[in-house]
Amino acid sequence: METYRPAGWLEALVAAALRATLRSLLKPVFSPRWSIAFQRRWLSALAHISLVPRSVSINPGDAGGVPGDWLRHGDVPAVRAGTLLYLHGGAYCVGSPATHRALTARLAQGTGVPVFAADYRLAPEHPFPAALDDALAAYRALRQRGPVVVAGDSAGGGLALSLALALREAGEEQPAGLLLLSPWADMAPDTLPPEPPGEAMLSAAWAQACAAHYLGNPPDQRAWVTSPLKADLRDLPPVLIQAGTDEMLHGQALALQQALQSAGVSSRCEITERRWHVFQLHGGALRSADEAIARLCHFARQRLDAVTAPRHSEHEVVIMGAGMSGVCMGIGLNRAGIRDWVMLEKQPGVGGTWWDNTYPGAHVDVPSPVYAFSFAPNPRWSRRFASAPEIQRYAQAVADRHHLGARTRLGTELTEARFDDTTGHWHLRTARGDTLRARFFVCSTGPLNQPRWPNIPGLDSFAGDRLHSARWNHRTPLAGRHVAVIGTGSTASQLVPPIAAQAARLHVFQRTANWVLPRLDRRYGWLDHLLARLPPYAVFTRWAWTQVLEWGRRGFDEGTVARRGMLKTAALHRARQVPDPALRDALTPTYPLGCKRIIYSNDFYPALTRPHVELVTTGIERITPRGIVTSDGRERPVDVLVCATGFDTVQLLSSVQVTGLGGQTLRQAWAQGPQAYHGISVAGFPNLFLMLGPNTATGHTSTLLYIEPEVRHAIACMQRVRQTSQRWIAVRSEVMTEHNRALQQRLGGSVWAQCRSWYRMDGGKIVALFPGFTAEYVKAVWPPKMADYETG
Ligand code: NAP
């Protein structure tokens, strides 16, 4: 069971207002004292004030002869097959598709598939089995079109469960998944507990009166009709249950989860604290409702994708990679009116590097206000240098806010992309056999996505637990064990302190000592959070931090005040934190400051001074099944081997076969190292746009400052093609060549040419880093110089 705790004063205020409204407008009417006809009229009247997103169209229609609402988001083809069948709540006696539109419209928006909200027959006019017959008829009709996820709230949740049981009994195909919101899964008399103090809608008397109407006279006694909760639940599809703690049906949600698990059904139960019966109906007003709906949509999308057979689809744009730049590109395309796009992500979640890097201690090394998009400030950062999970949640929240999930297919790896110059389209193939055709292809995988293992003899023979920092296995125990960390870069500096706190013995293998400066971290308090909600303050903070970081760029040039200041600070930091002169010597870098990425840390040096931690500077000769042997012949026994050895930034996009004009592959074009025009366009590869491509990495600011203008640049190029009768756009070959000649000339004399780093190839060519100030890059990229491009 997962518990969610809504936080924040705004959420609390809105929740209090909504609860009071429900208590005064709804609960008194949900009573046997009022006629069912009156209750229905009252609910229909209230339905007029529900918040329905404008992007969703609602049309009356039918499925299998059952009337209902068809809800569709946008006017472009969906990126996935399938439908969501929604069965509304209302104790089988009241309610309609109209009363649930605030929720069903958001499900259409968040899943991207059509939602059919069935207007099934209600009791007392139509007792059991009318509602179930209608649900079955609608399901069977929808199933003809592709996979179906069935969702329902309250009585609709119980009905969805009965539907799945009836299908199983009939030997028919199950839905792709079930979404059960505060399900009423047991109607047997006297099964409802006393009302909890927070219950804002239901009363036991009303529920029992409605159950009597539904079950008929004499009441149907079959367990799967009255109490699906107590039925044999084996072989049901995966289920997601959601409920609140402040509702009478909270206990039934927990009991159902337990029963499903005992029956071997894959199920998840999400309980939101201090929330009432079907609080998701307040989507658009209550943040906790929006977040719960986002999770429902995520589950539905996952289930539909999991059961859909490989298929062909056509879109205007395919985006590969749902990291920060993919998210920014999706939002940019929507804003530009290019809505027919699909984003493919090989991992099961959004966030890119922030999804991959979950090693202990992972956090951003630039201040959080600059690690947020200009259009999506985050007033909720918990500290100045946010943790990796917090950034991943930020990426997810931005994606949810812009409904990108509807157009994103997770767990989908692209393997092949081929440009067809006769039609000007990209033809793409995924690892599971889907084929796609798109006018434009955006690679937003970034430089830090291929983990690099060290090429040390014997690595594969190691018999203990072997981890790479970018693919952390949280089940690997560290406490009380002998751990070795290879590498002392940005990543190692973050994971060494938490590992040192657990391991019995820790050996840190350093090949090159790095420059370490203090991290000016601090926790953000309530005043920061309050101020951060004021747009001028948020804009100013982001701008001010950008200026501070830009000033730091001066530290990469010899003879500047900034450099002198940074060198002095680094020496002082070492002297303060490393009292032992021998250890301090070993930690003193011998290459010029700035050549590799500067590390900002307050706890790396102190961790290395702990008695059970050893800094090993003797070179590694080989790895044995039991440990690491250094060049002096000494073997250190190791249980867990951690490789914090970075990423392959030279073989960019090596997992995809990208073929451009004349059958040339990107691998062939980049035989001498990756190169592009402003890291965005590659000559000979029309309609292809890279995000954070070659020579766009920054040693001093936030990559997000680079992503935004790159997205604008790429979209402007796309618009150029769309607004003319041309089929493609590509950077001119001579322009790209000259661009890179000038870039390499500038880099040749820079600080980055003076040491080995992930910015450089083995031969010395610097392929990852942009040498200038961020402002310089932004100005060069936006607006794009269209004369540098050719179209065809
Ligand atoms: P890295 O900077 O490439 O560091 C790799 C480390 O492994 C270096 O110390 C390297 O030593 C060592 N190493 C590699 N191969 C080795 C071998 N065969 N034998 C011994 N040592 C070996 O990788 P990283 O630390 O993962 O950082 C990569 C980049 O990720 C950073 O520069 C940064 O941009 C990004 N990052 C960002 C954050 C953030 O908060 N934004 C956090 C972590 C990482 P040498 O120095 O001698 O090559």
Side-chain angles (χ1 to χ4, degrees), residues 62-66 68-71 78 80-89 97 100 103-104 107-108 110-120 129 131-185 224-225 228-229 231-242 253 256-257 259-261 263-270 280 293 295-309:
D62 84 301
V66 179
D69 275 357
W70 276 104
L71 300 103
R80 54 179 51 82
T83 323
L84 193 142
L85 168 62
Y86 196 86
L87 303 170
H88 67 81
H100 284 63
L103 171 56
T104 49
L107 290 173
T111 56
V113 297
V115 171
F116 180 70
D119 199 2
Y120 59 85
L132 181 58
D133 284 347
D134 286 357
L136 279 165
Y139 172 80
R140 286 176 182 136
L142 298 177
R143 185 67 198 86
Q144 305 289 319
R145 305 157 163 239
V148 183
V149 165
V150 180
D153 67 280
S154 194
L159 184 55
L161 205 51
S162 302
L163 169 87
L165 293 170
L167 289 169
R168 188 194 60 193
E169 294 315 302
E172 290 181 54
E173 197 173 337
Q174 285 287 329
L178 295 177
L179 301 175
L180 308 179
L181 290 68
S182 305
W184 190 17
W224 65 275
V225 177
L229 166 61
D232 171 5
L233 297 175
R234 276 175 299 177
D235 303 328
L236 293 193
V239 180
L240 173 60
I241 304 168
Q242 287 186 346
L256 180 60
Q257 162 71 352
L260 287 166
Q261 299 223 315
V265 176
S266 156
S267 66
R268 176 181 163 91
C269 180
E270 298 180 348
Q280 299 87 340
I293 294 171
R295 296 194 298 273
L296 293 171
C297 293
H298 179 76
F299 181 87
R301 292 191 305 259
Q302 249 188 348
R303 290 309 309 149
L304 291 172
D305 289 348
V307 300
T308 305

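Scope of the values below: all heavy atoms of this structure, side chains included, with no hydrogens, waters or symmetry mates.
- When the salt bridge (Lys or Arg N to Asp or Glu O under 4.0 Å) test is applied to D119, no partner is found at least two apart in sequence or on another chain.
- With sequence neighbours left out, the side chain to side chain contact (heavy atoms under 4.5 Å, CB included) criterion links A306 to R303.
- Scored by the side chain to side chain contact (heavy atoms under 4.5 Å, CB included) test, A259 finds L229, L233 as partners (sequence neighbours excluded).
- Residues passing the salt bridge (Lys or Arg N to Asp or Glu O under 4.0 Å) test with R145, sequence neighbours excluded: none.
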For V149 and T111: C-alpha separation, side-chain torsions, deciding distance, then whether side chain to side chain contact (heavy atoms under 4.5 Å, CB included) applies. CA-CA 11 Å; V149 165; T111 56; over 6 Å; no
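- Taking Y86 as the reference, nothing meets the ring-ring contact (aromatic ring centres under 6.0 Å, His included) condition, with sequence neighbours excluded.
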* To do: Could you go through the side chain to side chain contact (heavy atoms under 4.5 Å, CB included) check for Q174 and D235 one step at a time?
  => CA-CA 9 Å; Q174 285 287 329; D235 303 328; over 6 Å; no
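- Across every non-hydrogen atom of G82 and P114, the tightest pair is O-CD, 3.6 Å.
- Between W70 and A63, the closest heavy-atom pair is CZ2-CB, 4.5 Å.
- For S154, the side-chain hydrogen bond (donor to acceptor under 3.5 Å, both in side chains) partners at least two apart in sequence or on another chain are H277.
- Remark: Y139 pairs with no residue by the ring-ring contact (aromatic ring centres under 6.0 Å, His included) rule, at least two apart or across chains.
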Q: Start with the C-alpha distance between L181 and L103, add both sets of side-chain angles, then the distance that settles side chain to side chain contact (heavy atoms under 4.5 Å, CB included), and finish with yes or no.
A: CA-CA 11 Å; L181 290 68; L103 171 56; 3.7 Å; yes
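- Under the side-chain hydrogen bond (donor to acceptor under 3.5 Å, both in side chains) criterion, Q242 pairs with E270, Q280, sequence neighbours left out.
- When all heavy atoms are compared, the tightest approach of C269 to A253 is SG-O, 4.2 Å.
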- Begin from the C-alpha positions of L178 and V150 and carry the test side chain to side chain contact (heavy atoms under 4.5 Å, CB included) through to its verdict. CA-CA 5 Å; L178 295 177; V150 180; 3.8 Å; yes
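- By the side chain to side chain contact (heavy atoms under 4.5 Å, CB included) test, A137 is found to be paired with V66, residues two or more places apart in sequence or in another chain being considered.
- The side-chain hydrogen bond (donor to acceptor under 3.5 Å, both in side chains) test applied to Q261 returns no partner, not counting sequence neighbours.
- You'll find the side chain of P183 reaches within 4.5 Å of the side chain of L256, heavy atoms only.
- For R168, the side-chain hydrogen bond (donor to acceptor under 3.5 Å, both in side chains) test picks out no residue, with sequence neighbours left out.
- Side-chain contact check for S267 versus L236: every heavy-atom pair is 4.5 Å or farther apart.
- When the salt bridge (Lys or Arg N to Asp or Glu O under 4.0 Å) test is applied to E172, the partners found at least two apart in sequence or on another chain are R140.
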